[in-house]
Amino acid sequence: MKLTIIGTGYVGLVTGACFAEVGHHVVCVDCDEAKVKMLRAGGMPIYEPGLEELVKKNVEAGRLSFTASTQEGVEKSDVIFIAVPTPPMPDGSVDLSFIERVAREIASSMTSYKIIVDKSTVPVKTGDKVAETIKRYCKAKVDFDVASNPEFLREGFAVDDLMHPDRVVIGVRSQRPVQAMKDIYTPFNAPIIVTDINSAELIKHAANSFLALKISYINAVSVICEATGANVQEVANGMGMDNRIGRRFLDASLGFGGSCFPKDLSAFIQISEQLGYDFSLLKEVQRINDGQMDRFIKKIIETLWVLKGKKIGVLGLAFKQNTDDVRMSPAIELCHRLQKEGAILRVYDPKAMEKAKAVLKDVTYVDKMNDVAEGCDALVIATEWPEFKKLDLERARKVLTHPILFDGRNLFDVKEMEALGFIYKSIGR
Ligand code: NAD
């Protein structure tokens, strides 16, 4: 099938590459001309495991192309996906101006029937607004359908998640676009759920908020573990073996971040409020998450006392493993908070240093993981990169002025670290 994706970011580019991989012909549109130029020249604007190879292969096969022209994208396909940002506003509600602008642009380029599919994460009832906007701005007065197809990929695992989704959700207002939408996804061999648009939009916000809730739940449990000497990992293992609960998203940490959970949570709280419901449970999820970072900083201050002038090594800047994305990264927030206390930072991340440079200044970016601890008063682990588990601990202990390690991701065993001579502070253990 001929498909267009407007917005070639983490979602749009991976979706485009995966659609092409299963045989569709895909045009990826982005208003950022530099990005389009880079992709056309074989460059990669983001890091995502397996993505570069997939893009290259499908560009060479003639199934994937890039343009900065929405009009070209609309002309070339019958199904147009929207994958532009939906960032938070200062009050926590969603900035829908990117969606509205794309809806207008699509409308003014349409000369025949199109299915317009929203893949961006949007508040419930956005589909209705998109349909109204397209109707209003479509000069050619052609027929169209809107659909909602929320995306559930995880950054760092996006290609795998797209190729093997747990489920595909398709929200529609009529039966007309259903078969085409099913045809797009048939090659992925995943269960397809067809709902009304409001339900599809709600599935995404409800799912992300629930996952955030699960993280905050275990983080709250971690506080009780610390107060009692219990081990949160053992508690999580014991809970997680219950099939009704499951082990995933039960890792205590310095809190969740990233471009999705915090914003989707605030958006869902806001929408609920607008609809007359105080979703106080989700406010508590936010409060617990903020508290996790506060408690971690407090632990550092309690141990090191005055941070002014102290050198601290930080491992990890991305908001989680396997990505270069630093948007709303807890690791970056941690660095800013340590800097505010006067600490001098040496930082390292396997993939996110370039992107971090735009938001984290006045630190020393270190090229190698094992060099970070050099001359530091303490080392902090802020992101759960698997390679950090291979840190040369003997060397770290020797080059740190004091062998102190704060582990915000529980990567090491407490007893082993203590046996190695570290003062080792982790979460909920
Ligand atoms: P992103 O910022 O990585 O990419 C968005 C792209 O859209 C950018 O390249 C930007 O230049 C482009 N763009 C903006 N306005 C445009 C316009 N008018 N025309 C063409 N291109 C335009 O964002 P993302 O992380 O891919 O997220 C996109 C949406 O998907 C958001 O709603 C997000 O909540 C949702 N989502 C994200 C993830 C994730 O893990 N990143 C997962 C699921 C859903």
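Every number for a ligand or one of its atoms is a count from 1 in the order of the listing. Each residue takes its place number in the sequence, starting with 1.
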Does the residue Arg327 have a heavy-atom contact with ligand 1, meaning some pair of atoms that are separated by less than 4.0 Å? yes
Distance under 4.0 Å to a non-hydrogen atom of [X]: what atoms of ligand 1 satisfy this?
| X | result |
| --- | --- |
| Lys204 | 43 (C) |
| Glu151 | 43 (C), 44 (C) |
| Arg101 | 18 (N) |
| Ala83 | 5 (C), 28 (C) |
| Lys35 | 8 (C), 9 (O) |
| Tyr10 | 3 (O), 25 (O), 26 (O), 41 (N) |
| Phe98 | 14 (C), 15 (N) |
| Lys263 | 33 (C), 34 (O) |

Charged N-O contact under 4.0 Å between [X] and [Y]:
| X | Y | answer |
| --- | --- | --- |
| Glu273 | Lys283 | yes |
| Asp143 | Lys114 | no |
| Arg327 | Glu155 | yes |
| Arg104 | Glu100 | yes |
| Lys56 | Glu60 | yes |

Minimum-distance protein heavy atom relative to [atom]:
| atom | answer |
| --- | --- |
| atom 26 (O) of ligand 1 | Val11 N, 2.8 Å |
| atom 11 (O) of ligand 1 | Asp30 OD1, 2.6 Å |
| atom 4 (O) of ligand 1 | Gly9 CA, 3.1 Å |
| atom 32 (O) of ligand 1 | Thr86 OG1, 2.6 Å |
| atom 5 (C) of ligand 1 | Pro85 CD, 3.6 Å |
| atom 29 (C) of ligand 1 | Val84 O, 3.4 Å |
| atom 7 (O) of ligand 1 | Gly7 CA, 3.3 Å |
| atom 16 (C) of ligand 1 | Cys31 SG, 3.4 Å |

So [X] and [Y], would you call those rings parallel, tilted or perpendicular, with 30° and 60° as cut-offs?
| X | Y | value |
| --- | --- | --- |
| Trp385 | Tyr47 | tilted |
| Phe279 | Tyr277 | perpendicular |
| Phe81 | Tyr185 | perpendicular |

Could you say whether the N/O atoms of [X] and ligand 1 ever approach to under 3.5 Å?
| X | value |
| --- | --- |
| Glu155 | yes |
| Arg154 | no |
| Thr121 | yes |
| Thr70 | no |
| Ile6 | no |

With a heavy-atom distance limit of 4.0 Å, tell me whether Val102 approaches ligand 1 through its side chain, its backbone, both, or neither. side chain
Heavy atom under 4.0 Å from ligand 1: found in Leu153's side chain, backbone, both, or neither? both
With side chains defined as the heavy atoms from C-beta onward, is the minimum distance between Val36 and Val29 less than 4.5 Å? no
Centre of [Y]'s six-membered ring, under 6.0 Å away, within 45 degrees of the axis: is that where NZ or CZ of [X] sits?
| X | Y | result |
| --- | --- | --- |
| Lys357 | Tyr365 | yes |
| Arg154 | Phe157 | yes |
| Arg167 | Phe152 | yes |

Report the C-alpha distance between Asp278 and Ser280 in whole Å, list the side-chain angles of each, state the deciding distance to 0.1 Å, and finish with yes or no for side-chain hydrogen bond (donor to acceptor under 3.5 Å, both in side chains). CA-CA 5 Å; Asp278 176 12; Ser280 54; 4.7 Å; no
Is Lys182 atom NZ crowded by more than 12 heavy atoms from other residues, nucleotides or ligands, each under 6.0 Å away? no
